[in-house]
Participant: 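Sharing a structure below in structure tokens format, with a few things to ask.
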Amino acid sequence: MSSHTPRYIQIADALRNKILRGELQPGARVPSENEIREQWSVSGITARAALSALRNEGLIEGVRGKGSYVRNKSRLVRLAPQRWFRAGTTAPRPTFSLEAERAGQNVSVERSTRETQASAEIAERLDISSGDAVSETAYFIVMDSKPVSSGVSWEPLSLTAGTAIASPTEGPHAALGIVGRFDQIGIPVDEVEEVLDCRMPSSAEVQSLQMPAQGTPIVAVQQTWRAQGRPVCTADVVFPADRYEFRYRMDIK
């Protein structure tokens, strides 16, 4: 390495090499700012910059009051579009429960639904009028005691009111997932559109998803399901990028 390379980069490179070679395993504590200052004879600013570089690369995460640790890279796999395929002879299930099962993780979900009026943005996404009645469902998913996603979905009550799926969280079909639920009322969902936005989390998202204070982005996904071109549901979901792997496998025609 050139002698002109800034010291914080030299330190970050040395620690990165230890992580990549396996000398520092996932969960291992990395040297603290004070330890770096003493070992490399540098200032606190330089030590902080080295640790910040590793956090921004997603190699380490800080635990308040304890220090920095090598991040566990094991992630859930979100496979699209296969995650939306109908299950054939087996009962349909929410996609997150299948992903937890494949990963061997226990899953718990907090969900709540209310009836409200569609905002202008949601109305546009659902192709309805602003102020039309919709069901709004907020949900928070935890796997093996770690939050993995949170989101809000909206369905037009002009389609579901008075049916067995009027409430996404109650009734005999609540456990079937969106595709399975709408099948029950004769509206087969045949398309889903996802728009991904990778960004840094808000302070509220950091707190609710129990994320590191620095260095970890989220993947924000805007979803819309359609049946013969008509929107039946739209949702906004956020995933910590270190807990989910987005994998796409598509036919080429």
Side-chain angles (χ1 to χ4, degrees), residues 76-102 107 109 111 113-139 141 148-198 219-239 244-253:
L76 293 150
V77 175
R78 187 178 186 275
L79 179 62
Q82 286 76 8
R83 71 194 309 263
W84 303 116
F85 289 175
R86 286 175 172 82
T89 57
T90 61
R93 295 160 55 192
T95 52
F96 64 80
S97 68
L98 297 173
E99 289 156 359
E101 184 178 277
R102 285 198 300 267
V107 60
V109 186
R111 298 187 297 177
T113 297
R114 66 179 185 131
E115 293 187 9
T116 187
Q117 295 179 321
S119 66
E121 178 191 353
I122 298 306
E124 181 177 2
R125 285 159 57 175
L126 289 174
D127 196 19
I128 59 177
S129 297
S130 179
D132 280 0
V134 293
S135 63
E136 179 184 88
T137 301
Y139 53 93
I141 300 175
V148 296
S149 69
S150 67
V152 183
S153 66
W154 298 266
E155 297 176 2
L157 285 170
S158 58
L159 294 179
T160 62
T163 73
I165 70 164
S167 172
T169 56
E170 298 177 353
H173 308 306
L176 299 185
I178 291 170
V179 173
R181 286 176 54 247
F182 276 91
D183 279 348
Q184 300 301 313
I185 61 169
I187 302 179
V189 176
D190 55 21
E191 179 185 276
V192 60
E193 178 184 4
E194 295 193 336
V195 181
L196 277 64
D197 178 24
C198 297
V219 181
V221 183
Q222 182 186 109
Q223 302 170 303
T224 302
W225 293 261
R226 299 183 179 93
Q228 295 184 330
R230 181 175 186 177
V232 301
C233 180
T234 193
D236 292 322
V237 192
V238 293
F239 302 85
Y244 251 103
E245 174 183 309
F246 287 72
R247 187 181 301 176
Y248 294 86
R249 182 187 302 155
M250 291 166 277
D251 293 335
I252 299 176
K253 298 181 179 180

Participant: Does CZ in Arg230 sit with more than 12 non-hydrogen atoms of other residues, nucleotides or ligands closer than 6.0 Å?
Facilitator: no

Participant: Please give me the minimum heavy-atom distance between Ala164 and His173, naming the atom from each residue.
Facilitator: CB-CD2, 3.7 Å

Participant: To the closest 0.5 Å, what do you measure between CD (Glu155) and CD1 (Ile165)?
Facilitator: 6.0 Å

Participant: Quick check for you: to the nearest 0.5 Å, what is the distance between Thr160 atom OG1 and Ile187 atom CD1?
Facilitator: 8.5 Å

Participant: Return the minimal non-hydrogen interatomic distance between Ser153 and Ala235, and the atom names on each side.
Facilitator: CB-CB, 3.7 Å

Participant: Identify the heavy atoms of Leu157 and Ala166 that sit nearest to each other, and give their distance.
Facilitator: CD2-O, 4.2 Å

Participant: Within the distance-only criterion (no hydrogens, no angle test), does the side chain of Asp190 pair as donor or acceptor with the backbone N or O of Gln228 below 3.5 angstrom?
Facilitator: yes

Participant: If we only count heavy atoms from C-beta on, is the Asp236 to Trp154 side-chain gap below 4.5 Å?
Facilitator: yes

Participant: For the residue pair Val237 and Tyr139, what are the closest heavy atoms and their distance?
Facilitator: CG2-OH, 3.2 Å

Participant: Check side-chain hydrogen bond (donor to acceptor under 3.5 Å, both in side chains) between Thr137 and all other residues, then give those that pass, not counting sequence neighbours.
Facilitator: Thr113

Participant: Report yes or no: does Ser119 contribute a side-chain atom to a donor-acceptor pair with the main-chain N or O of Ile122 at less than 3.5 Å?
Facilitator: yes

Participant: Using the side chain to side chain donor-acceptor pair (under 3.5 Å) rule, pick out the option among Gln223, Gln222, Arg226 that qualifies with Glu193.
Facilitator: Arg226

Participant: Please give me the minimum heavy-atom distance between Pro156 and Pro231, naming the atom from each residue.
Facilitator: CG-O, 4.2 Å

Participant: Answer yes or no: is there a side-chain heavy-atom contact under 4.5 Å between Ile178 and Val192?
Facilitator: no

Participant: Using the ring of each side chain (for Trp, its six-membered ring), is Phe246 parallel, tilted or perpendicular to Tyr244, with breaks at 30° and 60°?
Facilitator: tilted

Participant: Please round to the nearest 0.5 Å and tell me the distance separating atom OH of Tyr248 and atom CD of Glu194.
Facilitator: 5.0 Å

Participant: Would you give the length of the straight line joining atom CG of Leu159 to atom CZ of Phe182, rounded to the nearest 0.5 angstrom?
Facilitator: 6.0 Å

Participant: Return the minimal non-hydrogen interatomic distance between Leu126 and Val232, and the atom names on each side.
Facilitator: CD2-C, 4.3 Å

Participant: According to side-chain hydrogen bond (donor to acceptor under 3.5 Å, both in side chains), who are the partners of Gln117, at least two apart in sequence or on a separate chain?
Facilitator: none

Participant: Within the side chain of Arg125, is there an N or O that forms a donor-acceptor pair under 3.5 Å with the backbone of Thr234?
Facilitator: no

